[in-house]
Number of protein chains: 2
Amino acid sequence: MQNAVFKALSHPARRQILALLRKGPQLAGDLAAEFDTSWPTMSRHLAVLKDAELVTADRQGNQILYRINTSVLEDAATALLGLIGRDDGDDPIKEAAE
Amino acid sequence: MQNAVFKALSHPARRQILALLRKGPQLAGDLAAEFDTSWPTMSRHLAVLKDAELVTADRQGNQILYRINTSVLEDAATALLGLIGRDDGDDPIKEAAE
DNA sequence: CTGCTAATTAGCAAAAATGCTAATTAGGGT
DNA sequence: ACCCTAATTAGCATTTTTGCTAATTAGCAG
């Protein structure tokens with residue numbers, strides 16, 4: 001759901017997590033180590049991101065590997081860009097043709 | 001501030017307001033008329049958007065005209081797109097050159 | 001099974017967001 | 001001055017979010 005995505009993006013720590021995941025998949029513990037907040041707090045941020053499907057989690061034996069889900073991020077970015085273009089109220093069929 | 005922007009975008013009504021503003025500048029009252037929520041509630045949503053500089057407000061005599069600020073929206077979209085590209089840890093100087 | 005590490009879930013308190021009604025400000029018009 | 005409409009601000013209650021510590025689950029090693 002679109003709303004969960006923007007809600008998830010509304011906390012700076014969660015955007016920071018996504019930024020860290022740009023470097024590649026990361027273990028939950030490695031992510032937590034980058035922040036001042038407690039582990040359980042990080043864990044919940046990750047859960048929020050997972051709920052929004054902005055990340056995926058895969059257990060690797062003892063630990064859990066988080067991966068960014070770029071397609072959902074793309075959709076969010078596209079939604080924002082969609083708010084920029086002027087809506088001239090034209091017939092959508094004609095609009096698609098131009 | 002970047003954070004205020006994403007906070008502002010996290011509420012569906014506010015994204016809806018921005019969507020309505022795609023059609024062009026709108027009076028606060030016309031915007032409020034599109035929603036089920038009370039006027040003061042709408043007024044606060046508008047204030048949040050204004051704080052984030054996602055919209056501007058100009059008094060036109062008796063009423064107030066709201067306009068979308070696309071540049072802030074662009075920055076937000078760009079920030080999201082920035083989270084997508086893989087960070088390979090390369091020297092930023094080289095990276096800028098490619 | 002016991003012990004150890006990794007991570008999550010439970011439960012709580014504090015802070016922030018939401019949304020309402022009532023009161024207020026701002027700008028005309030008469 | 002008075003009144004009317006447009007919009008915001010005040011004040012309050014409810015809900016959601018945040019973040020902590022303590023307790024729990026999950027997997028692996030011995």
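Every chain is numbered from 1 and lettered A, B, ... according to where its sequence line falls, protein lines coming before strand lines.
Contacts of Asp30(A) classified as side chain to side chain contact (heavy atoms under 4.5 Å, CB included), with partners at least two apart in sequence or in another chain: Gln26(A), Leu27(A).
Proximity of Gln16(B) to Phe35(B): side-chain heavy atoms (C-beta onward) are separated by under 4.5 Å at one or more points. The shortest distance between side-chain heavy atoms of Arg15(B) and Asn3(A) falls below 4.5 Å. Contact annotation: the side chain of Leu80(B) approaches that of Leu80(A) to within less than 4.5 Å [non-hydrogen atoms, C-beta and beyond]. Residues Val5(B) and Val72(B) have side chains in contact (heavy-atom distance under 4.5 Å, counting atoms from C-beta outward).
In this structure, CG of Leu49(B) is placed 11 Å from P of dT18(C), rounded to the nearest angstrom. Atom CZ of Phe6(B) and atom P of dA17(C) are 16 Å apart (whole Å). Spacing between atom CE of Met42(B) and atom C1' of dT8(D) amounts to 13 Å, rounded to whole angstrom units. Nucleotide dT8(D) holds its P atom 8 Å from the NZ atom of Lys50(B), rounded to whole Å. Leu27(B) has its CG atom 16 Å from the P atom of dG27(C), to the nearest Å. Rounded to whole angstrom, the span from the CH2 atom of Trp39(B) across to the C1' atom of dA22(C) amounts to 16 Å. Per the geometry, CG belonging to Leu31(A) stands 13 Å off C1' belonging to dA6(C), to the nearest Å. Between the CD1 atom of Ile17(B) and the C1' atom of dT18(C) there is a distance of 13 Å, given to the nearest Å.
Within the structure, every side-chain polar atom (N or O) of Ser43(B) is placed at least 4.0 Å from both OP1 and OP2 of dA7(D). The phosphate of dC20(C) has OP1 or OP2 within less than 4.0 Å of a side-chain N or O from Ser38(B).
A side chain to side chain contact (heavy atoms under 4.5 Å, CB included) with Tyr66(A) is found for one member of Asn69(A), Ile64(A), Ile68(A) and no other, namely Ile64(A).
A residue-by-residue look at Ser10(A) and Ala47(B) shows that Ala47(B) has its nearest nucleotide of DNA chain D further toward the 5' end.
Taken residue by residue, residues 58-70 of chain B places heavy atoms nearer than 4.0 Å to DNA chain D at Asn62(B), Gln63(B), Ile64(B), Tyr66(B).
Atoms CD1 and CG, on Ile84(A) and Leu21(B) in that order, are 13.0 Å from each other to the nearest 0.5 Å.
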